[in-house]
Asker: 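Mind looking over this structure? Questions follow.
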Amino acid sequence: MDAEQARFNMVEQQIRPWEVLDPVVLDLLFTVRREEFVPAAYRSLAFGDFEIPIGEGESMWTPKLEARALQELALRRGDAVLEIGTGSGYLTALAASLAGHVTSVEIHAPFSRDAAERLRRAGIDNVELAVGDGSRGFGTGTYDAILLTGSTPILHDAFFRQLKPGGRLFAIVGDAPAMTAKLFRWSAPGACVATSLFETVVKPLVNAPEPARFAF
């Protein structure tokens, strides 16, 4: 595999057509090597337009979804970021390359351990990895940006409380087959403005909160 040609094709044929035009994000996709975060058995497929299995029934997002989420969050140097769902660590690495510090929470301990090694090899050291359930927020810290890497039928209020003034939150909300990627922006204490971005379907977070269901 010619990795550099495949990376170029990924950006030009998958990511740009998906309205990812921020030059900072596009340049980063050439710097952080996606193939280094893909399980060895799938490395030759690292640049394909599909989800890549990473175990435990979980998958990496498609490259275009990763890039679009990153663009929407508009991370800046100095931002504190909370990521729910470390997975392979690739999106963690992208966020950490733009922000000041990333706290990434993963419910599967082996994922967190493997991601730590991948991040170390990539020379990324502004990340704190934690093992735990982040489906309803995590800890007591506040953040400039929050990213959920699994969908959630409803978004728990705890995430809004963890946003700093001016903060942004990217989440995919709803049930299959009707999920919507949304960007929430802090507008006032306890209030956010939501923008619907696009429809997609990704696997829910483990233990994601469910709305009350009517029983007949």
Asker: So, do V11 and F30 sit near enough that their side-chain heavy atoms are less than 4.5 Å apart?
Answerer: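 Side chain of V11 against side chain of F30, heavy atoms only: contact under 4.5 Å found.
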Asker: Could you check if a side-chain atom of L98 sits within less than 4.5 angstrom of a side-chain atom of L70, using non-hydrogen atoms only?
Answerer: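 Yes, side chains in contact.
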Asker: Could you state the interatomic distance from CD1 (I54) to OG (S59), rounded to the nearest 0.5 Å?
Answerer: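 Nearest 0.5 Å value for the CD1-OG distance: 7.0 Å.
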Asker: Of all heavy-atom pairs between A46 and I52, which one has the smallest distance, and what is that distance?
Answerer: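 Of all heavy-atom pairs spanning A46 and I52, the closest is CA-CD1, 3.9 Å.
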Asker: V131 and L205: same hydrophobic cluster, using ILVMFWY side-chain contacts below 4.5 Å?
Answerer: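 No: no chain of side-chain contacts under 4.5 Å links V131 to L205.
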Asker: What are the two closest heavy atoms between C192 and L163, and how far apart are they?
Answerer: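 Where C192 meets L163 most closely, the heavy atoms are SG-CD1, 3.8 Å.
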Asker: Under 3.5 Å, is there a donor on one side chain and an acceptor on the other for S104 and E83?
Answerer: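 The answer is yes; a qualifying pair exists.
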Asker: With D22, which of L26, V20, V25 fulfils side-chain contact (heavy atoms from CB on, under 4.5 Å)?
Answerer: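 Testing each of L26, V20, V25 against D22, the sole residue satisfying side-chain contact (heavy atoms from CB on, under 4.5 Å) is V25.
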Asker: Just verifying a value: how many Å separate F138 CZ and D133 CG, rounded to the nearest 0.5 Å?
Answerer: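 One gets 9.5 Å once the value is rounded to the nearest 0.5 Å.
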Asker: Using the rule that Ile, Leu, Val, Met, Phe, Trp and Tyr join whenever any side-chain heavy atoms are under 4.5 Å apart, tell me whether I15 and M60 fall into a single cluster.
Answerer: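 I15 clusters together with M60.
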Asker: Please evaluate residues F37 and T92 with respect to the criterion side-chain contact (heavy atoms from CB on, under 4.5 Å), reporting the C-alpha separation (whole Å), side-chain torsions for both, the decisive distance (0.1 Å), and the verdict.
Answerer: CA-CA 10 Å; F37 290 83; T92 317; over 6 Å; no
Asker: So, do W61 and T149 sit near enough that their side-chain heavy atoms are less than 4.5 Å apart?
Answerer: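 Yes, close enough: below the 4.5 Å cut-off.
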Asker: Measure the shortest side-chain to side-chain distance between L183 and L73 over non-hydrogen atoms and say whether it is less than 4.5 angstrom.
Answerer: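 L183 vs L73: side chains touch.
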Asker: Quick check: closest heavy atoms across P39 and P53, and the distance to 0.1 Å?
Answerer: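 Shortest heavy-atom contact: CG-O, 3.6 Å.
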Asker: Below 4.5 Å, heavy atoms only, C-beta onward: do F111 and S88 meet side chain to side chain?
Answerer: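 No, their side chains stay 4.5 Å or more apart.
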Asker: Show your working on side-chain contact (heavy atoms from CB on, under 4.5 Å) between L197 and E72 and close with a plain yes or no.
Answerer: CA-CA 9 Å; L197 302 170; E72 297 296 341; 3.7 Å; yes
Asker: Below 4.0 angstrom, N of the basic side chain to O of the carboxylate: do R121 and E117 qualify?
Answerer: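 Here R121 pairs with E117 in a salt bridge, since their nearest N and O are under 4.0 Å apart.
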Asker: Establish, yes or no, whether the cationic atom of R34 lies under 6.0 Å from the six-membered ring centre of Y90 and within 45° of the ring axis.
Answerer: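 Yes, a cation-pi geometry.
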Asker: Might you point out which heavy atoms bring A99 and N126 nearest each other, and give the distance in Å?
Answerer: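 Smallest interatomic distance, heavy atoms only, reads O-ND2, 3.4 Å.
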Asker: In terms of heavy-atom contacts, does CD of E210 have more than 12 from other residues, nucleotides or ligands at under 6.0 Å?
Answerer: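 Counting other residues, nucleotides and ligands, CD of E210 exceeds 12 neighbours.
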Asker: Side chains of I172 and T200: closer than 4.5 Å at any heavy-atom pair?
Answerer: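 SC-SC contact between I172 and T200 confirmed.
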Asker: Side-chain contact test, heavy atoms from C-beta onward, threshold under 4.5 Å: evaluate it for E36 versus R118 and give yes or no.
Answerer: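 They are not in contact (no side-chain heavy atoms under 4.5 Å apart), so the answer is no.
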Asker: So that I can tick it off, tell me whether R33 and E4 are bridged by a salt bridge, with the cut-off set at under 4.0 angstrom between side-chain N and carboxylate O.
Answerer: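 Result for this pair is yes, salt bridge flagged.
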Asker: Would you say Q14's side chain and K64's backbone share a donor-acceptor pair under 3.5 angstrom?
Answerer: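 Not confirmed, Q14 side chain does not pair with K64 backbone.
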Asker: Are F160 and W186, when compared by the centres of their aromatic rings, separated by less than 6.0 Å?
Answerer: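 That pair fails the under 6.0 Å test.
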Asker: Hey, what do you get for CG (D79) to NE2 (H101), rounding to the nearest 0.5 Å?
Answerer: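 Output value for this atom pair is 13.0 Å.
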Asker: Supply the atom-to-atom distance L119 CG to D114 CG, rounded to the nearest 0.5 angstrom.
Answerer: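 Spacing of CG (L119) from CG (D114) equals 11.0 Å.
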Asker: Are V206 and M179 in one and the same hydrophobic cluster, where Ile, Leu, Val, Met, Phe, Trp and Tyr link if side-chain heavy atoms are under 4.5 Å apart?
Answerer: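 Hydrophobic grouping puts V206 apart from M179.
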Asker: Hydrophobic cluster membership, with links at side-chain heavy-atom distances under 4.5 Å among I/L/V/M/F/W/Y: are L129 and I146 in one?
Answerer: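 Cluster IDs for L129 and I146 differ.
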Asker: Using side-chain heavy atoms (C-beta onward) and a distance below 4.5 Å, is V105 in contact with T86?
Answerer: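 No - every pair of side-chain heavy atoms lies 4.5 Å or more apart.
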Asker: Start with the C-alpha distance between E128 and V102, add both sets of side-chain angles, then the distance that settles side-chain contact (heavy atoms from CB on, under 4.5 Å), and finish with yes or no.
Answerer: CA-CA 6 Å; E128 177 186 354; V102 176; over 6 Å; no
Asker: In this structure, would L65 and V81 fall into the same cluster of hydrophobic residues linked by side-chain contacts under 4.5 Å?
Answerer: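 Yes, one cluster joins them.
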Asker: Between A145 and L75, which heavy-atom pair has the shortest distance, and what is it?
Answerer: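 Closest pair (atom of A145, atom of L75, distance): CB-CD2, 3.5 Å.
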Asker: Counting only pairs under 3.5 Å, give me each side-chain donor-acceptor contact of residues 151-158, with atom names and distances, residues two or more places apart or in other chains.
Answerer:
{"residue": "S151", "atom": "OG", "partner": "V202", "partner atom": "O", "Å": "3.0"}
{"residue": "T152", "atom": "OG1", "partner": "I154", "partner atom": "O", "Å": "2.5"}
{"residue": "H156", "atom": "ND1", "partner": "A158", "partner atom": "N", "Å": "3.0"}

Asker: Please check: side-chain N/O of R161 versus main-chain N/O of G137, any donor-acceptor pairing under 3.5 Å?
Answerer: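 No: the side chain of R161 does not pair with the backbone of G137.
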Asker: Mind listing the closest non-hydrogen atom pair of A130 and S112 along with its distance?
Answerer: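 Minimum heavy-atom contact is O-OG, 4.3 Å.
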Asker: Answer yes or no: is there an ion pair linking D144 with R168, defined by an N-O contact shorter than 4.0 Å?
Answerer: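 Salt bridge flag = no for R168 with D144.
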Asker: About how many Å separate CG of L21 and CZ of R16, when rounded to the nearest 0.5 Å?
Answerer: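 Spacing of CZ (R16) from CG (L21) equals 6.5 Å.
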Asker: Test side-chain contact (heavy atoms from CB on, under 4.5 Å) on L45 and F50; report intermediate values, then the result.
Answerer: CA-CA 9 Å; L45 306 176; F50 42 76; 3.8 Å; yes
Asker: Determine whether a donor-acceptor pair (N or O, by modelled atom type, separation under 3.5 Å) exists between the side chain of R7 and the backbone of E35.
Answerer: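 Such a contact is absent between R7 side chain and E35 backbone.
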Asker: To the nearest 0.5 angstrom, please state how far the CG atom of L169 sits from the CZ atom of F184.
Answerer: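 Here the rounded value is 6.5 Å.
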Asker: Is there any salt bridge (Lys or Arg N to Asp or Glu O under 4.0 Å) pair reaching into residues 180-205, and which pairs are they, with sequence neighbours excluded?
Answerer: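 Listed once each, the pairs are E58-K203.
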